[in-house]
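When a ligand or atom number is given, it counts from 1 through the structure's own listing order.
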Amino acid sequence: EWARGAFASGKRSLLIFHRQESEWELEPFPARPCPATPSPSPNTCSVPVSEIITVEETEIDEKHYHSGKWQKMAKPYAFTVYYVKRARRHRWRCSHVTFWCTEEGLCNQWIQTLKELLEKLTCRPKHLLVYINPFGGKRQGKRIYEQKVVPLFNLASITADVIVTEHANHAKDSLFEINIEKYDGVVCVGGDGMFSEVLHGLIGRTQRDCGVDQNNPKASLVQCNLRIGIIPAGSTDCVCYATVGVNDPVTSALHIIIGDSLAMDVSSVHHNNTFLKYSVSLLGYGFYGDILRDSEKKRWMGLIRYDLSGFKTFLSHHCYEGTVAFLPAQHTVGSPRDKKSSFHGAECRQKKRLGSEEVEEWKVIQGKFLAINAANMSCACPRSPKGLSPAAHLADGSSDLILVRKCSRLNFLRYLIRHTNQDDQFDFAFVEVYRVRKFQFTSKHVDDEDGDLKDLGKKRFGQICSDHPACCCSLPNSTWNCDGEILNNSAIEVRVHCQLLQLFARGIEETPTQEALS
Ligand SMILES: CCCCCCCCCCCCC/C=C/[C@@H](O)[C@H](COP(=O)(O)O)NC(=O)CCCCC
Ligand SMILES: Nc1ncnc2c1ncn2[C@@H]1O[C@H](COP(=O)(O)OP(=O)(O)O)[C@@H](O)[C@H]1O
Ligand SMILES: [Ca+2]
């Protein structure tokens, strides 16, 4: 109340603060006439304090001072509020509004009050550890960080120690050695592979510090304290896209600055009681494993490698015989075939835990599969805007297990096309989907003991199965694509760990109306 009418911003606004229950709101209102009790108007915009990036005193230059109305008035004072503005398609931008008045004391009081409010937001990071993969995606990681992220971090007074990686596993290994206590979060600039490295470093370090043996598939893993931010600069950027709604470096930087938090499930993958990897997005055998194996050889081609390998793998049309055993997730709410996506927000949607009378019952399915996909999240990405499992929940302790059985090329193509549109991907006789807490896969053919499948790979690719043009050509083994990393063992044991990790994100927001964006 004490500041009402004191500030004019540009031609149209006054700055008014008022409390709404527990939240302060910043509202620019039309300047003239100044209503005694202002009511919302088309010029009104409301910015929660939690979305103010920073507030700064504004230097008044000569041009301003000698122009228009200020000439006749006393020397003006001003401050600028930088805040998050929503743009189209889940993008966030940094916008600002400058407020003017003629009383220095009042201006300082406003700045002081706003700064105090911002200080109270303890969820915001102050000091970050940043890893940049200079070779991810279009090799723009360093440029993206320096040009798009650093100016925003500076504005928000966030400091960072930056490590540009020199080799694969650099980020992961360094997280085991570095003093992580002094950081409020870890940021990775790169794609899903780079994010995977950072999460392995962070989860691995946490387990080591807490004395938990990662090789034990039954071990209860300890949650990580540090949040991870992803600045997308990779090829698929699925984790970023599925948790923010877009792969845009500025949007991700703003989520980090305002200190958003999003819990997410992590699956552990073991082979014969030996830890292999963690997975947060796609764990795919058959189609997606084969694409990855082929595309890694074409890394020099850049992003197009996935399209070429995708096309080649589609034509190869290989299927793999094996057994999938899984433990259905009885504790979760919803089903993979729900119409509404369930990845908004971070709430852990679980029913009551299993009582002693409820028994865990494994289900076993045997067959020939073109693809076995386990999606811990929707796996939305620019290629598949709804993802492979649109209703998969990020933080409910379950994964959606999708089994695509042997079928004709035409049917498989129909299934793949559904990745790209709104139609139900699971509405095919040859596709099954289950929400699971654990699963195991065993190939009919035992793994090569060394896990060395190179020769097999050579035989497998480059041949379009001319013997069976309409159906599938059965091959002994594929490899698993684990968040974009190849696993050489086909026999694996997977367990979902509920909310093991936190991201600087908030899930995908409902799209605001066009008026709200204009
Ligand atoms: C008619 C044609 C239909 C084509 C449908 C394509 C659908 C693609 C869905 C892809 C889901 C991807 C899930 C995420 C995988 C990433 O973890 C992994 C590594 O990413 P990055 O480190 O950023 O490179 N990416 C892939 O495995 C690539 C899959 C590409 C498939 C064409
Ligand atoms: N400096 C580096 N040189 C080579 N490989 C690296 C380097 N830094 C990270 N990597 C590896 O590059 C792989 C791919 O990185 P990522 O950022 O996901 O790019 P992309 O999305 O293009 O695959 C990751 O597995 C990561 O371990
Ligand atoms: Ca989940």
Side-chain angles (χ1 to χ4, degrees), residues 131-141 163-173 188-198 200 230-242 247 263-267 279-284 287-293 295-296 299 302-303 305-311 313-314 329 332 334 336 342-343 348-350 373-389 391-400 412-421 425 435-437 481-486 496-499:
Y131 291 103
I132 303 176
N133 176 2
F135 301 118
K138 296 182 191 154
R139 300 177 169 232
Q140 298 293 306
I163 298 175
V164 179
T165 60
E166 285 162 13
H167 51 84
N169 290 324
H170 184 167
K172 186 182 99 184
D173 295 345
C188 58
V189 185
D192 291 334
M194 192 58 189
F195 171 71
S196 173
E197 258 202 42
V198 168
H200 278 83
I230 309 170
I231 303 294
S235 303
T236 312
D237 298 321
C238 160
V239 184
C240 178
Y241 197 99
N247 53 337
M264 66 197 292
D265 297 340
V266 178
S267 291
S279 166
V280 288
S281 55
L282 175 71
L283 192 52
F287 187 66
Y288 286 107
D290 291 350
I291 290 183
L292 187 70
R293 177 170 277 276
S295 68
E296 280 301 292
R299 212 161 231 295
L303 271 56
R305 71 188 187 279
Y306 286 139
D307 298 307
L308 287 178
S309 298
F311 187 57
T313 308
F314 169 75
T332 55
S342 54
F343 43 58
C348 181
R349 302 195 318 162
Q350 295 199 346
N373 297 329
N376 251 0
M377 56 173 72
S378 70
C379 292
C381 60
R383 281 190 170 82
S384 174
K386 293 273 161 197
L388 302 193
S389 190
H393 199 280
L394 267 176
D396 65 348
S398 78
S399 183
D400 288 353
F412 192 57
L413 180 64
R414 286 171 62 216
Y415 169 68
L416 289 180
I417 289 171
R418 295 231 178 143
H419 287 0
T420 63
N421 62 30
Q425 299 181 36
R435 196 154 275 183
V436 306
R437 282 202 295 138
N481 172 342
C482 177
D483 294 356
E485 305 289 306
I486 297 171
V496 188
H497 299 264
C498 191
Q499 305 194 358

Q: Provide, to 0.1 Å, the distance between atom 5 (N) of ligand 2 and the closest protein heavy atom, together with that atom's residue and name.
A: A168 N, 3.7 Å
(Q) Report the atom name of the nearest N/O/S atom of H393 relative to the Ca ion (ligand 3). (A) O
Q.
Which option wins on minimum heavy-atom distance to atom 13 (C) of ligand 1: L282, L416, D307, L303?
A. L282
Q | Top protein contact for atom 12 (O) of ligand 2, by heavy-atom distance | A | N133 ND2, 3.4 Å
Q: Evaluate the side-chain proximity of D265 to Q499: yes if any heavy-atom separation is below 4.5 Å, no if none is.
A: yes
(Q) Between ligand 1 and T420, is the shortest N or O to N or O distance under 3.5 Å? (A) no
Q) Below 3.5 angstrom, do we get any N/O pair linking Y306 and ligand 1? A) yes
**Q.** Side-chain touch P385/Y241, heavy atoms, less than 4.5 angstrom
**A.** yes
Q: Could you tell me whether any N, O or S atom belonging to S398 is less than 3.0 Å from the Ca ion (ligand 3)?
A: yes
Q) Is the distance from the Ca ion (ligand 3) to some N, O or S atom of D396 under 3.0 Å? A) yes
Q | Shortest protein contact, atom 10 (C) of ligand 1 (heavy atom only) | A | C381 SG, 3.9 Å
Q | C498 near the Ca ion (ligand 3): N/O/S under 3.0 Å | A | no
(Q) Any heavy atom of R299 closer to ligand 2 than 4.0 angstrom? (A) yes
Q.
Angle between ring planes, Y415 versus H419, binned at 30° and 60°: parallel, tilted or perpendicular?
A. perpendicular
**Q.** Contact partition for D237 relative to ligand 2, non-hydrogen atoms under 4.0 Å
**A.** neither
(Q) If the cut-off is 4.0 Å to any non-hydrogen atom of D483, which atoms of ligand 1 fall inside it? (A) 17 (O)
Q) Does the side chain of T313 come under 3.5 Å of the side chain of D290 through a donor N or O and an acceptor N or O? A) no
Q: Can you pull out the closest protein heavy atom to atom 8 (C) of ligand 1? Residue, atom name and distance to 0.1 Å, please.
A: Y288 OH, 3.8 Å
Q) So which bit of H200 gets within less than 4.0 Å of ligand 2, heavy atoms only: side chain, backbone, both or neither? A) neither
Q.
Using a 4.0 Å cut-off to any heavy atom of D237, which atoms of ligand 1 qualify?
A. 23 (O)
Q | Shortest protein heavy-atom distance from atom 25 (N) of ligand 1, along with the residue and atom involved | A | T236 OG1, 3.0 Å
Q) Do any N/O atoms on L413 end up under 3.5 angstrom from N/O atoms on ligand 1? A) no
Q. Any side-chain donor-acceptor pair under 3.5 Å between S196 and D483?
A. no
Q.
Tell me the contacting part of L388 for ligand 1: side chain, backbone, both, or neither, using a 4.0 Å heavy-atom threshold, strictly below.
A. side chain
Q.
Using a plain distance cutoff, I'd like to know if G137 has any nitrogen or oxygen under 3.5 Å from a nitrogen or oxygen of ligand 2.
A. yes
Q) Could you go step by step and tell me if S267 and V496 meet the side chain to side chain contact (heavy atoms under 4.5 Å, CB included) rule? A) CA-CA 4 Å; S267 291; V496 188; 3.7 Å; yes
Q. Atom 25 (O) of ligand 2: which protein heavy atom is closest, and how many Å away?
A. E485 OE2, 2.8 Å
Q.
Any heavy atom of G484 closer to ligand 2 than 4.0 angstrom?
A. no
**Q.** Within reach of ligand 1, part of S235 (heavy-atom separation under 4.0 Å)
**A.** both
Q) Quick one: does Y306's side chain get under 4.5 Å of R383's, heavy atoms only? A) yes
**Q.** Heavy-atom nearest neighbour in the protein, as seen from atom 18 (C) of ligand 1, with distance rounded to 0.1 Å
**A.** G484 CA, 3.6 Å
Q. What protein heavy atom sits nearest atom 27 (O) of ligand 1, and how far off is it?
A. N481 ND2, 2.8 Å
Q) If we only count N/O pairs under 3.5 Å, is P134 in contact with ligand 2? A) no
Q. How far is atom 22 (O) of ligand 2 from its nearest protein heavy atom, and which residue and atom is that?
A. S235 OG, 2.6 Å
Q.
Can you report which non-hydrogen protein atom sits closest to atom 18 (O) of ligand 2, along with the distance?
A. G193 N, 2.8 Å
Q: Could you find the nearest protein heavy atom to atom 16 (C) of ligand 1 and give me its residue, atom name and distance?
A: D192 OD2, 3.2 Å
Q) Which bit of H167 gets closer than 4.0 Å to ligand 2, counting heavy atoms only: side chain, backbone, both or neither? A) backbone
Q) Would one find an N or O of G191, backbone or side chain, under 3.5 Å from an N or O of ligand 2? A) yes
Q: Give a yes/no verdict on whether any heavy atom in C238 is under 4.0 Å from an atom of ligand 1.
A: yes
Q. Taking the N/O/S atoms of D265 one by one, which is nearest to the Ca ion (ligand 3)?
A. OD2
(Q) For atom 1 (N) of ligand 2, what is the closest protein heavy atom, and at what distance to 0.1 Å? (A) T165 O, 3.0 Å
Q: Distance to 0.1 Å, residue and atom name: give those for the protein heavy atom nearest to atom 19 (O) of ligand 2.
A: G136 CA, 3.4 Å
Q: Give the numbers and elements of all ligand 2 atoms closer than 4.0 Å to a heavy atom of G190.
A: 17 (O)
Q: Around atom 22 (O) of ligand 1, find the nearest protein heavy atom and jot down its residue, atom name and distance.
A: G193 N, 3.1 Å
Q. Which of the atoms in ligand 2, numbered in the order shown and given with their element, are less than 4.0 Å from a heavy-atom of D192?
A. 18 (O)
Q. Just to confirm, does any protein heavy atom lie below 4.0 Å from atom 2 (C) of ligand 1?
A. no
Q.
So is K138 touching ligand 2 or not, going by heavy atoms under 4.0 Å?
A. no
Q. If you measure from each non-hydrogen atom of H170 to ligand 2, which part falls under 4.0 Å: side chain, backbone, both or neither?
A. neither
Q | atom 26 (C) of ligand 2 - nearest protein heavy atom and its distance | A | E197 OE2, 3.2 Å
